[in-house]
Number of protein chains: 2
Amino acid sequence: MATVKDIAAAVGVSVATVSNVLNDRPNVGRANRQKVLRAAKLLGYRPNRSAQAMRTGRTRAIGLVLPDLTNPFFPELAQAVENTARSLGLLVCLIDSQGRADGESDGFALLMQHAVDGVIWCPLGPRLPANLKNLARPVVLIDRPRPGYPVVHSDYKMGGRLLAQYALRMGHTRVGLLSGPPNIESARQRSDCFVNAYPRTIKIAWEVSVGFDGVLTPDAVDALERRRGATLIVAGNDLIAISAMRCLGEHGVSVPGDVSITGFDNIRWTDVVTPRLTTIAQPLGAIGAKAVELVQERMSGERIRSRRTIFDVALIERDSVRRIGQSRPAA
Amino acid sequence: MATVKDIAAAVGVSVATVSNVLNDRPNVGRANRQKVLRAAKLLGYRPNRSAQAMRTGRTRAIGLVLPDLTNPFFPELAQAVENTARSLGLLVCLIDSQGRADGESDGFALLMQHAVDGVIWCPLGPRLPANLKNLARPVVLIDRPRPGYPVVHSDYKMGGRLLAQYALRMGHTRVGLLSGPPNIESARQRSDCFVNAYPRTIKIAWEVSVGFDGVLTPDAVDALERRRGATLIVAGNDLIAISAMRCLGEHGVSVPGDVSITGFDNIRWTDVVTPRLTTIAQPLGAIGAKAVELVQERMSGERIRSRRTIFDVALIERDSVRRIGQSRPAA
DNA sequence: CGCCTGTAGTGTAACGTTTTACTAAGTAGA
DNA sequence: TCTACTTAGTAAAACGTTACACTACAGGCG
């Protein structure tokens, strides 16, 4: 690999001048600038990132800390993050904590050691890992706000309202809630805004919380079996909805014949299960890209502009909700 | 952040001694060794990877180059890679080429610049990116062999045979092949071994190739509509199988009532579609972990032990294949 | 002419680590 | 007592880059 020294020797100029050209600083004449540039190209010069990192303290790498790549919410996000990062010349270092808090903090330790310039993080639990404070780097959160950090996520409140409007439109006034983890704000907002949209019209028959990974607790299974008059089940995300559909199927309950169901996230598989799942679409790609832009801004020392960036969501109407009750005017 | 110099000052010893202790070299006495270790712990010393990298040329980071995280084959792999890498103290730098060759070579360029110590790579096309030769680092391939590189993948031939045995057992003797890309060896082997297992008994009614991402070409759709007497469709992977099931459903063809279908990979969603998909399970986690072990071995300069590591696969029997033809003895 | 300013360029220290070559002191053998 | 060897430890160079402090020279101005 060619170094600045090689270029300097080739052109007959000092390494300082080469460096000045490469970081285009003004104090170098036209002729030399040309020559250095030419030589750099000729020798296939690539700056040694390690050396740059040591000198400047910046690595041009960012960390991406995720709870679980196996949840289809994240791969799309990760892909967007990696691609926009790369288009900015930033390398993405991946940590997948597999849902374990110690994995998360080990991951942060590793990232700190490698001195990434910033991190994009979808936090696992409500508690922040202790070593996060030591990490004197910009952090941008995804999907799950925590006090003191900028965050980008989609408009869960809007999602909840959209779902409530839709439920009403389809004649459902008694619903069961299969919510996500109550300590995750995005999960709570989805439910809360659904509940609060039409508090007098839509009654909540029951609510049980399960993990975002969609594994159903005995409580959840029990709720699905009994249903207590709910005609619509509003699930905290698509994984939960799909698990619920499966569970219902195993108990001989037809969806949407006997009970309707909605999801949240619009992961790829909502379109492929039977019945196809009505859900809320989030612009995952845009969220990932925005998160990269935000860390990048902060890395280059720009002042904090916004603490929250929120993206609109949209209702994706498919086949998992049946219209019930009295007829209504044609569309 | 504490440096070796800080430790040296704290203990009252030279930086060389500190370094010697830390890399446990023999030439330092018991007493000083203890003191240095204690001070390092006390000060929370973490070696600066950038400095180490510059001095030694090793970064303790590896690249992971994937075609498409959105294909559920890869997240599980990536998770396994990241986790075993982390357990070895290695950082994983992610490249997702989104199926584009230029993305792949840009990614390699980025990895080279950051001087990763090795790369785990699932190559996109048959051609290797030109800059791969410059990358004087160990490369371990996943899933797709290329001449000259070690590779770890699962036993596709066995998968093909297993599928053929099963087809026969279920009475299917006329099948349609919805294969993966013909230029990807793993795709070819799946089909070929299926075809060659019982060449006289099982007849191939037709074969069409589609991408591993499961988007169906007009040819594929046409084949699915006509079917030309095939009672079983053997798909190149689960994504293809699921797309095919959807396509068939849209044409009013019942699975497995009118036609049976099998997949390959056993991604999470095979268990959740209707009917549940009969498929071949690959030990993705083990494959990822093994790949990390292999690069790690090569990074530490060990000699090449094996060029191919192959994992057994297993048939996962679910509901997408119907038994047809004459009755057979009970199990 | 002497002074100032601006432009073009250079020497070198520094970043944090590893490693080579070296010294000093102790120990053993003859 | 002298040599030879081992052990414990250190000084300093090196990795590739950046940036500070500096020089040299030209031109402009009073």
Side-chain angles (χ1 to χ4, degrees), chain A residues 1-37 39-40 43-61 89 112-117 136-137 299-301, chain B residues 1-37 39-40 43-61 89 91 112-117 136 299-301:
Chain A
M1 280 276 93
T3 75
V4 299
K5 200 179 273 182
D6 298 329
I7 301 182
V11 177
V13 89
S14 77
V15 294
T17 299
V18 174
S19 174
N20 286 335
V21 170
L22 263 20
N23 304 5
D24 42 28
R25 263 180 279 271
N27 56 334
V28 36
R30 282 182 101 62
N32 275 340
R33 185 175 297 272
Q34 293 292 328
K35 284 201 267 182
V36 166
L37 256 18
L43 297 175
Y45 171 76
R46 300 268 153 223
N48 177 327
R49 291 274 184 230
S50 303
Q52 278 183 321
M54 182 162 68
R55 186 67 243 255
T56 64
R58 353 219 62 210
T59 51
R60 302 196 60 69
M112 285 169 59
Q113 230 173 94
H114 282 265
V116 293
D117 287 344
R137 304 276 181 217
M299 279 160 40
S300 22
Chain B
M1 279 277 94
T3 76
V4 302
K5 199 180 275 182
D6 297 329
I7 301 182
V11 177
V13 88
S14 78
V15 294
T17 299
V18 174
S19 175
N20 286 333
V21 171
L22 263 20
N23 303 5
D24 42 28
R25 264 179 280 271
N27 57 336
V28 36
R30 282 182 99 63
N32 275 341
R33 185 175 297 272
Q34 292 293 326
K35 284 201 269 184
V36 166
L37 256 19
L43 297 175
Y45 171 76
R46 301 267 153 224
N48 177 327
R49 292 276 184 227
S50 304
Q52 278 183 321
M54 181 163 69
R55 186 66 241 254
T56 63
R58 351 221 63 209
T59 52
R60 301 196 61 68
L91 185 67
M112 284 167 62
Q113 230 173 94
H114 282 265
V116 294
D117 288 343
M299 279 161 39
S300 23

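Because only heavy atoms are used, hydrogens play no part in the values below, and waters and symmetry mates are left out as well, while side chains stay in. Just so it is clear, the structure is predicted and the values come from calculations on it, not from any experiment. A, B, ... follow the sequence lines: proteins, then strands. Residue 1 opens every chain.
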For A/S14 and C/dT10, is the shortest distance between a side-chain N/O and OP1 or OP2 below 4.0 Å?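 For C/dT10, OP1 or OP2 has a side-chain N or O of A/S14 closer than 4.0 Å.
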OP1 or OP2 of C/dG9 less than 4.0 angstrom from a side-chain nitrogen or oxygen of A/N32, does that happen here?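 So the side chain of A/N32 is within the cut-off, an N or O lying under 4.0 Å from OP1 or OP2 of C/dG9.
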Nearest-angstrom distance from the residue atom [atom1] of [X] to [atom2] of [N]:
X	N	atom1	atom2	answer
A/R25	C/dG6	CZ	P	20 Å
B/I7	D/dG9	CD1	P	16 Å
B/N48	D/dG16	CG	P	17 Å
A/M1	D/dT17	CE	P	11 Å

Ignoring the backbone of [X], work out which of [options] is nearest its side chain.
X	options	answer
B/N27	D/dA11, C/dT17, D/dA8	D/dA8
B/S19	D/dT17, C/dG16, C/dT19	C/dT19
B/M54	D/dT17, D/dC15, D/dG9	D/dC15
B/T17	C/dT19, D/dG9, C/dT17	D/dG9
A/A16	C/dG9, C/dT17, D/dA19	D/dA19
A/N20	D/dT17, C/dT10, C/dT19	C/dT10
A/V4	D/dT17, C/dT17, D/dG9	D/dT17
B/V15	D/dG9, D/dA12, C/dG16	D/dA12

Side-chain heavy atoms of A/V18 within contact of A/V11, under 4.5 Å: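 In short, these two side chains do not touch, never coming nearer than 4.5 Å.
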Any donor-acceptor pair under 3.5 Å linking the side chain of A/D24 with the backbone of A/V21?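 No: the side chain of A/D24 does not pair with the backbone of A/V21.
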